[in-house]
Amino acid sequence: MSFDQIIGQQKVAEQLKRTIQNNRVAHAYIFVGQEGVGKTKMALEFAKALNCEKGNGDACDHCLHCRRIDHFNHPDVILVKPEKQTITMEQIRQLQHQFHYKAMNSKRKIYIIEQAETLTTVAANSLLKFIEEPHSAVTILFLVENLHMVLPTIRSRCQVFYFSSLKPMDIVNLLKRDGYSEQELLLAAHLTNDVKEVEELVKSEWFAQMKSLMIQWIKEIFSKSFQALLSIQEKLLKNDQIKEQLPRFLDLLLIWYHDILNIRLDRHHSVIFQDHLEVLNQYAMNLSESQLLGYIEQILETKRKIASHVHPQLALEQLVILLQEG
């Protein structure tokens with residue numbers, strides 16, 4: 001893999017590539033972005049490009065350095081992850097011990113600190129000396145989700161790169177190579193833009209079950225059946241996984257109603273539940289845009305109630321009544 005193959009982060013990739021080509025590589029960087037957007041992948045590609053034998057600003061993927069970094073066994077590329085909840089002082093001491101050794105047959109030593117906002121204050125302060133008085137041919141990369149949780153003294157001494165949230169189709173294109181259903185990937189990618197979480201969702205049985213239960217519940221609601229109220233206790237809240245993932249269940253419901261609205265507005269290309277088009281078209285024929293917008297607001301209000309610790313059964317029963325009365 002090279003910079004060009006990292007999905008959704010072309011701007012960051014181009015900037016890093018230019019720093020290498022212009023020989024303006026800094027000694028410390030912060031990569032900021034949500035989990036799953038490719039920060040670690042980018043850091044490793046940066047390490048490969050810096051040490052690649054071809055030396056053209058990108059990784060060749062074939063030389064010894066590129067292959068060793070790909071297999072996580074390069075002696076000059078060190079990845080640090082939290083032990084349990086934090087990166088400890090002991091981990092940083094081991095890292096500092098490495099600072100005194102020159103790179104072994106490579107151009108530059110690279111230290112990558114994942115979830116760097118979990119550095120203890122003592123551990124973070126101990127890195128300041130290196131950042132203030134950097135060794136030649138050494139670069140440290142801090143990977144974080146929340147920049148404001150990084151010590152200001154570290155922030156001010158690093159170049160900061162912001163990673164964009166991945167678009168749903170970016171995630172679909174990345175994961176469909178592994179044989180997952182494009183339809184299921186698209187749905188999961190509209191629930192989260194974390195690549196790892198999308199993959200976990202499409203692999204899980206409970207997600208498929210949640211989708212199935214949601215569609216069955218929708219049919220009960222639209223038929224104005226009393227069963228829609230009974231299903232809350234008998235099916236939804238009785239299922240521990242769905243009970244725990246109730247906000248996500250309601251997100252599925254939101255996507256369904258948005259799909260109906262998109263059909264009403266003749267935006268068929270935006271429909272997510274493509275495998276249920278016939279049913280969605282039937283519902284779209286019987287609902288106005290204003291009704292659909294009202295239903296969407298009611299679902300959002302139900303999410304707010306549950307987040308505010310209103311009893312889930314009460315909140316869902318109120319939602320059913322409002323949707324059926326509409």
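As the structure is a computational prediction, the values presented were derived from the model and not from experiment. Scope of the values below: all heavy atoms of this structure, side chains included, with no hydrogens, waters or symmetry mates.
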With side-chain hydrogen bond (donor to acceptor under 3.5 Å, both in side chains) as the test, would you mind laying out the steps for Q34 and D194 before giving the verdict? CA-CA 7 Å; Q34 294 175 316; D194 183 331; over 6 Å; no
For [X], salt bridge (charged side-chain N to carboxylate O under 4.0 Å, His left out) partners two or more places apart:
X	result
E199	none
R68	none
E289	R264
R304	E297, E301

is_close_aromatic(F222, W217), centroid dist under 6.0 Å: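 No; W217 has its ring centre 6.0 Å or more from that of F222.
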Between F163 and F31, does the ring centroid distance fall short of 6.0 Å?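 So the answer is yes for these two rings.
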Verify the distance criterion only: is there a donor paired with an acceptor across the side chains of Q318 and T302 at less than 3.5 Å?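 No, T302 and Q318 have no side-chain donor paired with an acceptor closer than 3.5 Å.
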Taking atom types as modelled and ignoring hydrogens, do the side chains of S290 and S288 form a donor-acceptor contact shorter than 3.5 angstrom?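 Yes, a side-chain donor-acceptor pair sits under 3.5 Å.
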Residue that, paired with H65, satisfies side-chain hydrogen bond (donor to acceptor under 3.5 Å, both in side chains) out of K48, H74, K54: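 Exactly one option meets the side-chain hydrogen bond (donor to acceptor under 3.5 Å, both in side chains) with H65, and it is H74.
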Which pairs pass salt bridge (Lys or Arg N to Asp or Glu O under 4.0 Å) with one or both residues in residues 204-223, sequence neighbours excluded?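 Of all non-adjacent pairs touching residues 204-223, those that pass salt bridge (Lys or Arg N to Asp or Glu O under 4.0 Å) are E184-K211, K211-D275, E220-K235.
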Is there a donor-acceptor contact under 3.5 Å from the side chain of [X] to the main chain of [Y]?
X	Y	result
Q85	P82	no
N286	Q282	yes
R24	T19	no
Q183	I272	yes

Any side-chain heavy atom of V172 sitting closer than 4.5 Å to one from V198?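 In short, these two side chains do not touch, never coming nearer than 4.5 Å.
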Close side-chain approach of F46 to L44, heavy-atom, < 4.5 Å: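 No, side chains not in contact.
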About how many Å separate NE2 of H190 and CG of D259, when rounded to the nearest 0.5 Å?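 Answer for the CG-NE2 pair, D259 versus H190, is 8.5 Å.
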Name the atoms and distances for all side-chain donor-acceptor pairs under 3.5 Å in residues 119-126, with sequence neighbours left out.
unit_1	atom_1	unit_2	atom_2	d
T120	OG1	A123	N	3.2
N125	ND2	T121	O	3.2
S126	OG	A123	O	2.6

